[in-house]
Engineer: 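The structure follows.
Order of the sequence lines sets the chain letters (A, B, ...), proteins ahead of strands, with each chain counted from 1.
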Amino acid sequence: MTITLTERAAVRVQNFMTNRGKGVGLRISVKTSGCSGMAYSLEFADELDGDEMTFESHGVKLLVDAKSLAYLDGTELDYAKEGLNEGFKFNNPNVKATCGCGESFSV
Amino acid sequence: MLLQIAEPGRSTAPHQHRLAIGIDLGTTNSLAATVRSGETMVINDEQGRSLLPSVVRYLPSGKVDVGHDALAARSADPHNTIQSVKRFMGRAYDDLGDLADIPYRFVCSEGMLQIKTAADVRSPIEVSSEILKQLRERAEASLGGELTGAVITVPAYFDDAQRQATKDAARLAGINVLRLLAEPTAAAVAYGLDNGSEGVYVVYDLGGGTFDVSVLRLRQGVFEVLATNGDSALGGDDFDRAIYNWILQQAGLSGLPTVDLGNLLAEARRAKEALTELEQVSICCNLSQGLAVALTLTRAEFAAMTRELVARTLQPTRKALRDAGLTRDAVQGVVLVGGSTRMLPVRSAVADFFGKQPLTNLDPDKVVALGAAIQANALVGNQQDDSLLLLDVIPLSLGIETMGGLTEKIIPRNSTLPIARGQDFTTFKDGQTAMSIHVVQGERELVFDCRSLARFELRGIPAMVAGAARIRVTFQVDADGLLSVSAREMKTGVEASVEVKPAYGLGDEQISAMLQASMHHASDDMHRRALVEQQVEGQRLIEAVSAAVQQDGYLLELEERQLIQQRIAQLVDAMQGQYSEAVRHAVEALNGATQAFAAKRMDASISQAFTGRTVETLGV
Ligand SMILES: Nc1ncnc2c1ncn2[C@@H]1O[C@H](COP(=O)(O)OP(=O)(O)OP(=O)(O)O)[C@@H](O)[C@H]1O
Ligand SMILES: [Mg+2]
């Protein structure tokens with residue numbers, strides 16, 4: 001089981017974290033909601049939670065709870081630019097359908 | 001969909017992102033910034049440019065150009081290319097003064113001024129809204145969604161009409177205004193000064209066409225603008241002109257055609273900006289009549305030719321400090337704002353003046369937008385701790401009703417929250433044991449024209465002669481805008497209080513209508529206030545004299561008594577009229593008629609007191 005960051009994404013996360021001045025890693029989870037059933041959530045983590053799985057990718061700690069991991073296994077998190085907009089993008093092999101905007105998905 | 005990293009516990013459900021931006025709506029340039037994954041950044045356009053020239057051009061086809069394109073057409077189409085519209089916001093035609101070098105065709109109309117363009121007549125609000133619309137579109141494209149809201153900055157000295165005009169422009173542009181924020185405060189927030197140590201800071205803002213200096217005091221996380229000053233006709237443009245004049249003089253030119261003028265000014269500006277990086281720059285320009293200019297400008301020459309301009313900024317700076325009642329060494333930090341503070345002569349002059357290096361690590365032409373973005377982000381709830389920046393101000397004055405239906409303002413509008421203010425009042429009648437307190441909101445002089453917020457009574461005031469009781473009324477507005485009013489009789493400590501939500505149910509429109517009415521009626525109100533004040537004084541005097549006559553009437557000669565009666569009747573008459581002066585005269589006349597009586601009473605009361613004591617000592 002694994003989750004990874006692209007190098008580009010890792011550099012971003014590190015920059016954001018330095019700029020923020022604190023944080024131990026990135027907490028990734030899947031929440032049920034949205035037009036296609038599930039949605040990603042991406043937050044700074046200020047402390048580790050014993051029940052979570054921890055992955056390390058390009059020097060960044062990724063924290064994922066067991067339930068979310070089931071939907072996220074094999075996911076690669078990238079940082080992309082689309083026109084003027086930029087941000088993190090999930091390449092998740094488990095996803096069967098996303099909603100129009102790609103913000104929520106179903107498996 | 002591209003995601004941003006949220007603060008712990010602050011990620012949102014899909015399609016419910018709280019996208020917020022800060023907008024610096026400048027005279028020369030405007031820009032927007034946002035907080036993304038915890039980082040505050042300026043939002044660029046497709047070409048990677050952050051500044052949007054605050055220029056709007058109306059074409060006959062109805063098309064509207066905003067920003068760089070409009071700026072480029074400025075000299076070709078001066079009537080329809082509106083620049084520096086910020087100067088006209090919330091202003092009436094009569095406010096304008098000298099229109100000599102403004103090329104627009106103003107329409108003389110009631111209320112706010114209007115400009116005739118190829119498209120139609122446009123108000124400054126509409127022009128401004130085009131700039132805001134452009135920034136909104138840029139932001140929504142960049143953030144990938146609809147904005148929840150924006151914080152827009154305004155100069156600290158903007159009055160309510162100007163602030164309201166700014167809000168209206170935003171609304172017209174489809175932007176939800178979370179709050180207007182003073183530009184110097186935004187700059188201070190961008191530097192994180194609100195998290196730092198308490199103290200006094202100076203914000204020195206030299207932009208394209210205006211100079212503003214503000215003295216801020218930070219106390220308990222709240223900035224208070226202590227004083228502002230400036231020069232609304234001093235900015236980077238004047239430095240361009242200094243170089244331009246130098247070029248003419250060096251090259252022995254005069255009477256140039258307009259095209260050359262425009263080109264030379266642009267070249268002067270380029271040279272000025274380049275001197276920030278380079279020791280010297282070359283100035284080359286081909287002119288229309290086959291002439292050409294080729295010169296070299298050094299930093300030292302530039303400093304010499306602009307020494308006077310730089311010195312002109314220090315005058316308002318001194319005044320602002322003086323108004324704030326402070327000396328230079330009381331200033332803890334100096335923040336530089338505005339593109340023109342990049343100029344080295346400006347930086348060193350400011351450093352010399354304050355005897356310390358100013359803060360410059362943020363881009364001076366972006367710092368205001370960055371601070372606004374931080375504030376916007378906090379206001380929509382993206383901050384981890386709920387510690388919203390407490391920078392709200394009171395939109396309308398709060399006060400109480402005093403005798404004769406007059407309002408006594410206790411907390412003036414635009415005071416920063418939280419705030420507490422107290423004022424002492426007294427009883428009006430002898431033996432008065434209760435006082436009714438009527439809390440009102442508004443700018444008008446008469447309670448009747450203000451909004452009533454609450455009424456309550458203070459009972460149990462010990463009986464005393466009129467004017468002897470001391471009742472302290474305290475207004476307190478907490479950070480959420482919750483008002484509580486308490487009244488306390490200082491001798492016995494009896495107290496009563498009430499809680500009110502002042503902003504409740506009062507929309508922006510109502511607020512602006514109330515402000516407009518107050519400006520409109522200002523001189524009316526003054527007369528009415530004067531009249532009511534005299535009427536109250538008259539009533540007080542009649543009651544006092546009548547009581548005295550009843551008590552000590554035996555001291556009066558018949559003639560004297562008749563005169564007093566006559567003067568009272570005249571005063572009652574005058575009080576029914578419309579003229580405060582007439583009432584004042586009648587009051588004076590009655591006072592005059594009772595002078596001898598008052599002296600006799602005084603003598604009598606002294607001998608009475610004496611007699612009284614004698615009786616007491618006798619133990620009777
Ligand atoms: N590198 C630089 N060196 C010197 N001056 C510069 C530099 N960059 C920009 N400027 C000047 O800054 C000015 C514009 O400043 P800014 O964008 O802060 O104005 P603004 O806030 O829109 O105007 P205002 O304060 O009058 O409302 C212009 O005169 C420009 O020439
Ligand atoms: Mg400015």
Side-chain angles (χ1 to χ4, degrees), chain A residues 5 9 12-49 60 62-63 75 77-92 95 98-106, chain B residues 1-19 21 31-50 52 134-147 190 192 195-196 361-362 370 373-374 377 381-385:
Chain A
L5 287 177
R12 283 298 172 155
V13 175
Q14 258 151 356
N15 283 346
F16 287 139
M17 213 111 81
T18 317
N19 177 54
R20 190 170 167 266
K22 60 175 177 181
V24 295
L26 196 59
R27 180 164 285 126
I28 307 174
S29 62
V30 169
K31 298 198 164 120
T32 51
S33 67
C35 44
S36 279
M38 286 186 244
Y40 302 112
S41 133
L42 211 51
E43 292 181 358
F44 292 110
D46 285 332
E47 61 237 32
L48 300 176
D49 166 346
V60 176
L62 303 173
L63 314 167
T75 294
L77 195 56
D78 193 12
Y79 194 83
K81 265 193 180 133
E82 288 173 3
L84 278 177
N85 191 6
E86 53 186 280
F88 294 90
K89 194 174 180 151
F90 283 81
N91 295 320
N92 183 346
V95 170
T98 59
C99 76
C101 65
E103 200 180 341
S104 61
F105 62 93
S106 56
Chain B
M1 178 65 202
L2 301 173
L3 281 175
Q4 311 300 327
I5 312 174
E7 284 298 312
R10 293 281 151 175
S11 53
T12 46
H15 314 291
Q16 288 179 10
H17 297 285
R18 294 172 294 237
L19 303 178
I21 61 170
L31 70 157
T34 192
V35 178
R36 241 189 244 203
S37 296
E39 188 181 0
T40 315
M41 52 175 87
V42 166
I43 303 174
N44 292 337
D45 69 2
E46 275 123 0
Q47 279 95 307
R49 299 175 298 205
S50 54
L52 176 72
Q134 191 84 8
L135 290 173
R136 190 198 75 179
E137 281 163 15
R138 186 194 278 196
E140 292 187 339
S142 176
L143 302 178
E146 213 172 287
L147 294 183
N195 304 318
N361 46 316
L362 295 175
L370 295 174
I374 293 170
N377 190 55
N382 287 339
Q383 286 275 65
Q384 187 187 5
D385 39 10

Engineer: Against chain B, label A:Leu26 side chain, backbone, both or neither, depending on which of its atoms sit under 4.5 Å from a heavy atom there.
Structural biologist: side chain
Engineer: Within the side chain of A:Glu86, is there an N or O that forms a donor-acceptor pair under 3.5 Å with the backbone of B:Ser142?
Structural biologist: no
Engineer: To the nearest 0.5 Å, how far apart are CD1 in B:Ile5 and CZ in A:Phe16?
Structural biologist: 6.0 Å
Engineer: Just how far is it from atom CG of A:Asn15 to atom OG of B:Ser37, taken to the nearest 0.5 Å?
Structural biologist: 11.0 Å
Engineer: Does B:Glu39 form a side-chain contact (heavy atoms from CB on, under 4.5 Å) with A:Arg20? I'd like the steps, not just the answer.
Structural biologist: CA-CA 7 Å; B:Glu39 188 181 0; A:Arg20 190 170 167 266; over 6 Å; no
Engineer: What residue, out of B:Gly38, B:Gly48, B:Gly145, B:Ala141, has the most heavy-atom pairs lying under 4.5 Å from chain A?
Structural biologist: B:Ala141
Engineer: To the nearest 0.5 angstrom, please state how far the CZ atom of B:Arg36 sits from the CG atom of A:Asn19.
Structural biologist: 13.5 Å
Engineer: Taking every heavy-atom pair that is under 4.5 Å apart, which of A:Tyr79, A:Phe88, A:Phe90 has the most such pairs with chain B?
Structural biologist: A:Phe88
